Structures are given as C-alpha cells and as structure tokens.
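Residue numbers start at 1 and run along the sequence shown. Values in this document were obtained by computation on a predicted structure and should not be read as measured data.
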Amino acid sequence: MTDNLNLTQKLKQYFGFDKFKGDQEAIIKNVLAGNDTFVLMPTGGGKSLCYQLPSLIMEGTAIVISPLIALMKNQVDVINGMSEEEGVAHYLNSSLNKAAIDQVKADIVEGKTKLLYVAPESLNKDDNVDFLKTVKISFYAIDEAHCISEWGHDFRPEYRNIRPTIQRIGEAPVIALTATATDKVRTDIKKSLGIADALEFKSSFNRPNLYYEVRPKTQEIDKQIIRFIKQNPGKSGIIYCLSRKKVEELSAILCANEIKAAAYHAGLDSATRSDTQDDFLMEKIDVIVATIAFGMGIDKPDVRFVIHYDIPKSLEGYYQETGRAGRDGGEGKCITFYAYKDLQKLEKFMEGKPVAEQDIGRQLLQETAAYAESSVCRRKMLLHYFGEEYTKENCGNCDNCLHPKTKIEATNALLIVLHAISAIKENFRSDYVIDFVKGRGTDDIVSHRHNELEEFGSGEDENQKLWNPVIRQALIAGYIKKDVENYGLLKLTAAGKRFMKHPQTFMIVEDAEFKEEEGDEHVDGAANALDPELYAMLKDLRKKMSKKLNIPPYVIFQDPSLEQMATMYPVTLQELQNIQGVGAGKAKRYGQEFCDLIKRHCEENEIERPEELRVRTVAKKSMLKVKIIQSIDRKVALDDIAEALGLEFGELLSEIEAIVYSGTKLNIDYFLDEVMDDDLVDDIYDYFSESETDRLSVAMEELGGEAEEDQVRLVRIKFLSEMAN
C-alpha cells in the first residue's frame, strides 16, 4: 500500500502539485486499495486526477469511459505531454483509422499504455471486447457517470450497457465520477454499474463566488443582454440558447453591436467549432453564443458571466452550465431569462416521446420552474436539489437575497399540506396534493375516490398562490421529502410528523410573479412610455396631421411607434428609422415634424437622450422581406408565397403588415380579385377610412361577422399601402 509521503511525491512527480485538493487523496487511496468508488465533485474540483494518478501507479491499463471525443483528446494530450515516454495515454473512438487503432493496441500489449480512453459505443464493440479480454485491466473509470441515469441531464442509452460489457471483459474495481447528481441519479448510477457498496465521496456543491439571478424574459431581452455585455467590457462570457437558429440570430445581433461574439452549435462543421473554441480561449472573441453542445471540453478559468437566453430543461443542466463561470474563484455572474411560455414550449417538444420519458422530462421542468419562480435564496434551493443543506439565512450573492421579499405566516397552510399528504397515504406528487387541498375534483382524484376524504378541499379558503411556495419551502425546511425510488412522491419526514402534533411558526416568502407579455393587440401604451407628456404631444401632432391629410391617425404612425419615440427621443430622420414600424418611406413622408417636436421638447426640458442604446438589429428579416416583396411584384398568390417560405398564412400576413406599416407600398389587388368579393373589399376599405383605430378586434366587432379575420387583414394591408405609402 502506498504511504502518504509516497503519494504526495508521485503527485509532485507526475503533475507538479505540492498537495492534494479536497478528497482527492482519500479517493485515490480507496482506488489503490482495489475498492469500488463513487465520486461526486463539482466542475473544477479536480475529478480527473482521481483516476489519472492511480492509473500511473497501478499495474495494468485503466479504462476511462467518457462520452466526448474532444474531451478525450484534450486529456490524452495533457497526460502524454507530462510523460517522457510515448503512448502512456491513448483513446479509442470512431475518429481513428485502422492503422491508428493497431498502434494503440500494440502500445497496450507492450505495457506502455496506463490510461485508455474509450467512448461507450467503442467499448461495446465485439472486437474491442475480445482484445481487452487479453489485457490486464487495473480499474474502470466512468466519467460523466450521470449519463447512465434517465434522470440525469444528459442521458445516453449506451451507458446502460457498461456493466454487462465490463463483465464480458473481466472484473476490476470501478470508479464512477460526476459533477452533478441528485440523490435519485446517484442511486441510479450505483445500481446500473453494480457498485451498490461503493464508498461515496461527495464534495460541496456550493460555489460562493457565483451570483445567481433570474429575470423575466420580455421583448427587450436582446437589448438587456447588449447593455449587460457593454457594462462588462472585455470580460469573457457564454450565452446559452436552446435552438441553433436563435444561437445564429443572437450572435449576429451582438456582432452588429460591436461585440466580439461567435456562434457555436453541433450543426457547424468541426473545424469551425474548433476554431471558435480556440478563439475564445485565446481571447480573440469575448462572447460565445451556444447550444449546450458547448463547454463540456472547455477549461477556461475566467469566464465571467453565463447567460441563459432560454430556461434549461433541468436544474442539473443549469448547474453544469452556470458552473463554467468563475472557475478561478473570481467573479461569475449567472443570469437566466425566464418566461412561463418557454416551459410550455419545452413540454410540447416532449409529446412524441415515450410516456416514461415524458414523465421524467416534466418532473425535471417542474424543478426548474420552481427554482425560477421562487423568492427563496437561489443557492439554498440549488444545494437542496443536490441533497446538500445550506444553513445561512441570506447568501448575499443572489437576486433573492440582495432584494429579499417580506415573509408571511404560513403555519396553517403547512398543516393543511401535511395532513393532506398523510390522508392520501404519501403516494402522490405535489400537483396532485395541490389539486386535493384546493378541492379540485380532477378525474385522477375522483378515480382514487379522494374527493370523499374529509381533508379534500381543506385549503379552499387560503390564498391559492400559496400552495407551490409552501410545498417547496417545506421540502427545504425538511418537513417533507421527495421519494428517491419513485421520484416526486411527497413523503412526511419525522420533523413533519412532529410539526403536525406540535405546530410552530412557519414563515415563507411568496413566489415571484412572472406576468405574460401582452400580445400585439396594444393597450393604450402611455404607461409604457418613459415620457407621458411627450407621448401626449406626439398623439396630438398625429391627430392634427391626420385631419389635415384626411387619413386615420394610425396610418401615419401606430401607437407602439409613438411609445418608442417617447422613450428613445429620436431627433433625426435617420434615428427615427430605428423606431419599430418606421421605415425610410414613412420617416421621409411624415417624420420631420415629429423629430422637430421631440427636439424642442428635449431642449426645453433639458432631457439627456439615451444615446448608447441604439440596438442595431440584424437583417435576418430583411432577406425574407425582399423575397416577399419580389414575389408580390411578380403577382404570386399569397398562399403559394407562404408555402414556398415555410410560413403559415397568418405569419405571412404579419410579415406583409410589417412591410406596409413601415412605409413600403405593396399592391395585392391581383390576389384580392381572386379570393374576395368586390363589395366585401369595398365595405372593409370604407370601414378603415372612417375608423380611428386599426385594431383587428375592433374591426371584427364593427363589421359584425361579415368577414373572416384573414379577409379583414388583407383589406387592411391594401388600405394602408394605398393611403399611407
């Protein structure tokens, strides 16, 4: 057995470090003693050393199973770079040709190779199994072991075959390593690998230097991100988006706003991805906009911010991705944008999947929603999710702790929840418990005949928004727990049973409200304008102009455009074109008087205009607009245009509306002649000539059901095009 001194000498000899970090030494001793080992250590804690050092000391070859080719290559280069001999570390995966594979096998047979990295797919191949049977295996290391569990954030079915393959090759100790795992995932990993008795080493998940914040996702999100990056000049950051399309759009917008950014996703060729990664490491670019395909193999210690444009699918994924910030212990800001409709979109994506998978996906999404909506310390919630208790009342480094909400008394509500869980035999999840206490006789509740229980509806008189925060905070306080085997079922703890007998004060903070944004049916928007006085003056000018020109006011500029003018204070025709719904034609035709009015107002009131945030948008839509305009000029039927561009008919109409509202003239008479009755066109046209508003809902009501919505929209396009442009 290697003594302590000897181990530290080996550490210095191979890796140049003077001492071990955290549990590293105890883990390595356990592996050297031939025991199965389970290591849970957050990113940056030094996991790989836990198998690299023992592999160099022990007899035979250690097999390291890793899911990522980029990561394998990186680690093999590092090990070989430290060694005087060639071939101490190798990898076997689909990127190698026959000659390279033969070389790897020759080095293993000669006993040169101490570490062999393989992807699970390669490990399971028959010819590799046959070859490895002839080799002395020192131990098996399973890196990123959460990939084994369907409850992990990166489940890979081929990981499920690792145990059977190990049995085919030959028994040796197993070390499983992961940077994120809940109790559920830990149990799953150990079961699947057949290492139920493995000694567990668990490091703290707390990253005190990371600041966590959740912001409501609004239409201003791009502007907020640009402002944030400009306030942190020269700092490295990663922005995660769920779709490749959004990655490309956002990186283009950042570049247009003089931010050094690049896109990264699995759809780009590997040379581009590799160059982008290198540029980021070498600080030629500051910001990477990426799908979660990015970052697994990246070891950049000074990433200063991680922004989630979309809410992640699981808290494990969120922890892993935010964990890429501040790995040097310095500043790391983690900002997430959250809108409830994003969750609904993610749920919709699951619909084609097997029922069990959908169920898991929904549970994980609910945990993410709970984290985003809760007003509890974010650090406390995250650590609780990973089975770690955080005892401080205020972490001082998350939005909820820096701006704490007032606590409210919820003792009675907690008692109602505890009695309800007990009454339904601790056999249901939180959404069922909430329906039960609210007295909602859902099909599920009626089929279990729980609507006949005395406790059914016991919370009808309480504030209905209380139940989610009460359950979440009772979990953190340890009065209830989630069953590990049958994830999500709420169980009473000993503390919860005591509370039922001897209640004491239970205070909670209510959840944050994430209001849905209004659609494009605009409410009178003076409230949104920064300058209500200017907004009123602009409306007044529009009214006078509309009388003089004998056209409805909205034909000149729509309300949202006036709101933006009263916020952004454009004083030249060029600046006016930055306003939503104002194209060059419109600015030229009507804009000068509006600019003069705004300029006068700014001078008289000594207003400083917000220079810095002229967010430049990218012409992603301009290509689409050009195609639409060209097709209409060629008199292509609108439904054919929609089909050719992959748009719904309604979406095409929205694009055409944007084109005519901003001042471009389009003639769609050829299409109207084909699909609409002349008299109906005239009626709708006359209505818009006399109406004070162009709102669709008002028009539909006034026209009394004579026309369908698409017909009204088509004639509104004709009217605007002829009158305004």
Would you call [X] and [Y] a salt bridge, using N to O less than 4.0 angstrom?
X	Y	value
R716	E657	yes
K184	E367	no
D559	R542	yes

Value rounded to 0.5 Å, distance of CZ in R378 from SG in C334: 11.5 Å
For [X] against [Y], the heavy-atom pair lying closest together:
X	Y	result
G387	K202	O-NZ, 3.4 Å
T505	T411	CA-OG1, 3.5 Å
N397	P208	ND2-O, 3.1 Å

Report the residues that fulfil side chain to side chain contact (heavy atoms under 4.5 Å, CB included) with L242, sequence neighbours left out, ordered by chain and then residue number. D310, K313, L346
For Y318, give me all partners under ring pair (Phe, Tyr, Trp, His ring centres under 6.0 Å), at least two apart in sequence or on another chain.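 If we apply the ring pair (Phe, Tyr, Trp, His ring centres under 6.0 Å) test to Y318, skipping adjacent residues, the hits are H308, Y371.
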Please identify each residue that fulfils ring pair (Phe, Tyr, Trp, His ring centres under 6.0 Å) with F38, with sequence neighbours left out. none
Test item: I476 and Y390 side chains (from C-beta on) under 4.5 Å apart, heavy atoms: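 I476 does not reach Y390 side chain to side chain.
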Applying salt bridge (Lys or Arg N to Asp or Glu O under 4.0 Å), can you list everything that pairs with K405, at least two apart in sequence or on another chain? none
For E347, salt bridge (Lys or Arg N to Asp or Glu O under 4.0 Å) partners two or more places apart: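 In terms of salt bridge (Lys or Arg N to Asp or Glu O under 4.0 Å), with neighbours along the sequence ignored, E347 is linked to R362.
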Pairs touching residues 405-424 that satisfy ring-ring contact (aromatic ring centres under 6.0 Å, His included), sequence neighbours left out: none
Please check if the number of heavy atoms outside R440 that lie under 6.0 Å from its CZ is greater than 12.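 Counting other residues, nucleotides and ligands, CZ of R440 stays at 12 neighbours or fewer.
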Verdict with reasoning, T178 to V185, per side chain to side chain contact (heavy atoms under 4.5 Å, CB included): CA-CA 10 Å; T178 172; V185 173; over 6 Å; no
